[in-house]
Amino acid sequence: MGIQEQYRKEAAELLSSGEVKLVIGYGEGSTAERRRPVFVRSAEYVSRLVLDGSCVANLSSYLVPEGLLSDGKKVAVFLKPDGIRSINILAAESQLDPEQVVILGFDIEGGQAAPLPGRKASDFTALIGSLKSAGLSPELQKDADRLEQMSASERFGYWKEQFSKCIKCYACRQVCPMCYCRRCIVDVNQPQWINTSSHTLGNFEWNIIRAFHLAGRCVSCGGCDRSCPVNIPLRLINHRMAKEALDTFGHYAGESAEQQPVLATFRQEDPETFIL
Amino acid sequence: MAKIGVFVCHCGENIASMVDTAKLTATIADHPGVTVSSEYKYFCSDPGQETVKKAIRENGLTGVVVAACSPRMHEQTFRKACAEAGLNPYMLELANIREQCSWVHTDRDEATEKAIEITRSLVEKVKRNNDLKPISVPVTRRAMVIGGGVAGIQAAIDIASAGREVVLVEREPSIGGHMAQLSETFPTLDCSQCILTPRMVEALQHPNITMMTYSEVEEVDGYIGNFTVKVRRKARYVRMETCTGCGDCIQKCPVKKIPSDFECGLGNRTAIYTPFAQAVPNVPVIDRTRCTYFKNGKCKICQKTCQIDSIDFDQQDRIETVEVGAIVVATGFQVQNTAIYGEYGYGRYKDVVTGLHFERLASASGPTAGKILRPSDGKEPETVVFIQCAGSRDAAKGVKYCSKICCMYTAKHAMLYAHKVHHGNSQIFYMDIRAAGKGYDEFTRRAIEEDEAGYIRGRVSRVFEENGKLIVRGADTLLGRPVEVVADMVVLATAMVPQPDAKDFAKRIGIGYDEYGFFNEAHLKLRPVETATAGIYLCGACQSPKDIPDSVAQASAAAAKVLGLFSKEQLEREPVIASVTDATCAGCWGCVIACPYNAIDRKDITDRNGNVVKRVASVNPGLCQGCGTCVTFCRSNSIDLAGFTEKQIFAEVMAL
């Protein structure tokens, strides 16, 4: 039995036994490589679930809409390790109770989906620990290194060009599991800190504020990159912030549901290199 | 409609020499909303303030901008003036065109332009200011003094005698501190214990003092007027309530050969012990690490000996929570470990001792009953060499600072030695003789002239043993030649250093410290007993090396500050505090974690039937210090700071 059949069966069991009220998974998309989220509420529809090497999106963002978990019932979600880390962060930030999330874990190895054992976020602690020691997304490192080697003004020029493309559609925000605020700072207009028209200054303000808001929280799922209609490599900015958090404070986003936010905590051994 | 008055101050020449104040005044006069714009030599002066008040009354001003110095300097002055003229004091802004403009620029035109921008930006801010009212918070009129040395004792007695409750916390089994170890004190040579023990007893018996000995402060929460302190009451294994201090248990304890810290290792103590005979309170403690019962489960001789059943092996450490309004830190110092000087042989030769050892040898209550006998063979030393600055003023090996007391106590040691060993010969190696203080120089002269202390100006390079004598090699820099003294005993004037855990302690209670670990005062000259944390005060050698007169004077000063704080039942606090917008708070609790004052709680929002629909952050106005940390952390921009609202700051920035 392939992984898809196996997980369909598990989803059907979870639903028919009443353990979960909903399964969030992947379904057929508009092309052969595309997958879209499907929400299955009854065992008879589990055949709509697809699980293969194209299932890359981080579905944890579908857990945070207001009211979904307020009845205390459980929801099952298909999650890769990055999504499981997102669950930990959302739990640490009190946006959900990890006990309500049943994880149907998998990873993509060699273009194929492979099962991961465990049902609760805490079952994956060892796995996340090994990911931490493996370092931040090696596939991103090449592009990141290229940016690091630029001079500050070259790098600024690079981002200026990239951001000039931004049309402020906020797809990056909508797809991101960390962007759960009921009112985003970009929507504040008294006073209007962030210029909403899509010229470079406002685009800079928006994208850099988002990068700061993701510092120590981004799990490099790549959702923002994929959703960007004008192909801004947003993951590279978040990668840089994640690297800073890891190198400076040993903070790897989503290690556990008890992790404290890196920008709000202070430890006596924190380096204070910025104090002259 | 805004009616703003702008008052441009010359600050004598401080501002006027670099900023064209006439141009500034004229330019700002045309800014929308500005009703009055005037300049004057010193607006902080009485007639200057009168001008401001008059302008407020006559023009019905809704806001005031004084373009002058830093708000740290005169914000309070002008707030008061506004209030006297009937304007809410928080409708005032100070545009800093001195520290941030005239003082730091050299081009008059550019500085003038900058001054105009700064002032304009504050005009835009003040248009958006709101009336604010000071917050009153109750003051717990009880103080905690941490450290029961002479400074702590003095501070406690002073506060208690003025009618306020004091909790005196001491981590050792007895109060007294280092002063209890001293023999006689300079410059009057009165016996240290004779003058200290009456104060110790006074502190114990004072109805307003609660003494917590063998206790350590674990955690301090809260803020001025309202601190919550967690104190660890270490298990004594002796019941304080019933013990009479008869000492039978100490007599009978079979473990007798434990080097006593109080005697600097020159004497021994038992496993159940009081640090010294005059201990206050006179209740022993059991040293768990040395007690036979705790090690092997057998013995209990003390328990069998005790006639009133005061030994309790089952006691546990317990945490006591104390509410206080002010804290006096008097945690004292330690003597530097002189083993860092291998060439002086401390630790290798028994007869190379520190100044504190010598105090114990010279003390009537010490291990030799006041006779100067050298530790190795108990003989009276014929020649004693004293080495000053053995650690102090030595950037390479010791500490950079002067320990302040060593010149005086070395002179005293030479004097005591001369008084006790009439034929004795003392030689003192010194760098300088620092004897500034009432009767101090006279004292060192007396040591030299009457008691024949030999002073050799120079450093010692080496001390080594030969034929049972200590050979001290050094230089006499006044005569420009090497010196060698054959001595029976060498006394090192070791440096005074902070307590080893001083930095940790400072972090725990939230005060600053310097590179060594001495606690930082708020201002070295003008606020020497306050810390930067309101409501926490300093006295004694925890702030810097000090002798007894200085420590006691500072203790009384700290007590005066505490009593000043306690003179009112309510404390007026600045209304510059944060508040949360319930509708947009996402409840991530990042602010709760980020807040350094624990001022943010979780609040339930309920519907009309009482069902919780949402939990949001909520700022406790009594605890908030208005630092703004939460404002910067909040991703959804749901927190705002009164007096520095986003609208105000935005207007300020946009006016530039």
Side-chain angles (χ1 to χ4, degrees), chain A residues 64-67 69-72 88-97 173 176-195 201 205-206 208-218 251 257-270 272 275, chain B residues 124-125 127-128 501 503-508 510 512-513 580-598 600 602 604-605 607 611-617 627 629-640 644-655:
Chain A
V64 288
E66 206 171 339
L69 297 171
S70 57
D71 57 6
N88 278 336
I89 304 172
L90 291 169
E93 295 179 1
S94 303
Q95 299 305 306
L96 50 75
D97 174 0
R173 179 183 78 184
C176 183
M178 290 300 113
C179 281
Y180 53 70
C181 288
R182 286 168 181 81
R183 180 198 61 181
C184 174
I185 186 164
V186 76
D187 297 327
V188 175
N189 57 10
Q190 284 291 328
Q192 186 137 40
W193 287 109
I194 303 170
N195 202 313
L201 174 66
E205 288 170 339
W206 161 243
I208 287 178
I209 285 185
R210 214 183 89 83
F212 268 95
H213 282 188
L214 289 178
R217 305 168 74 227
C218 173
H251 181 98
E258 289 78 38
Q259 191 179 36
Q260 295 212 315
V262 69
L263 293 187
T265 42
F266 173 76
R267 291 172 309 192
Q268 290 186 2
E269 65 271 21
D270 277 350
E272 291 177 342
I275 295 174
Chain B
E124 284 306 311
K125 182 185 180 197
K127 282 184 191 172
R128 289 155 181 85
D501 57 348
K503 290 183 184 178
D504 271 348
F505 176 76
K507 284 174 184 168
R508 215 158 51 226
Y513 52 87
V580 178
T581 309
D582 292 348
T584 56
C585 171
C588 75
W589 314 129
C591 53
V592 176
I593 297 164
C595 177
Y597 304 100
N598 292 331
I600 309 182
R602 294 164 172 88
D604 289 340
I605 306 275
D607 63 14
N611 304 314
V612 176
V613 289
K614 193 180 169 186
R615 297 188 79 194
V616 296
C627 70
T629 306
C630 56
V631 180
T632 56
F633 185 83
C634 183
R635 287 183 288 266
S636 64
N637 205 20
S638 300
I639 314 185
D640 220 350
F644 295 89
T645 60
E646 304 247 339
K647 278 186 191 174
Q648 289 170 291
I649 304 285
F650 192 78
E652 248 185 290
V653 175
M654 294 313 279

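Throughout, a chain's letter reflects where its sequence line sits, starting with A, and its residues are numbered from 1.
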Side chain to side chain, C176(A) and L214(A), heavy atoms closer than 4.5 Å
yes
Does D604(B) reach the side chain of K614(B), with side-chain heavy atoms less than 4.5 Å apart?
no
Does the side chain of R128(B) reach to within under 4.5 Å of the side chain of F650(B), using non-hydrogen atoms?
no
Flag the pair R635(B) / L263(A) as yes when at least one side-chain heavy-atom distance between them is below 4.5 Å, and no otherwise.
no
Turns out that what part of F633(B) lies under 4.5 Å from chain A's heavy atoms comes down to side chain
Between P191(A), G67(A), C179(A), C181(A), which residue shows the highest count of heavy-atom pairs closer than 4.5 Å to chain B?
P191(A)
Relative to chain B, which segment of R210(A) carries a heavy atom at a distance below 4.5 Å: side chain, backbone, both, or neither?
neither
Heavy-atom nearest pair, T265(A) first then D270(A), reads O-OD2, 4.1 Å
Name the option with the most non-hydrogen atom pairs under 4.5 Å to chain A; the candidates are T645(B), T632(B), N637(B).
N637(B)
Which portion of C630(B) sits near chain A, non-hydrogen atoms under 4.5 angstrom
neither
Sort Q190(A) into side chain, backbone, both or neither according to what part of it lies under 4.5 angstrom from a heavy atom of chain B.
both
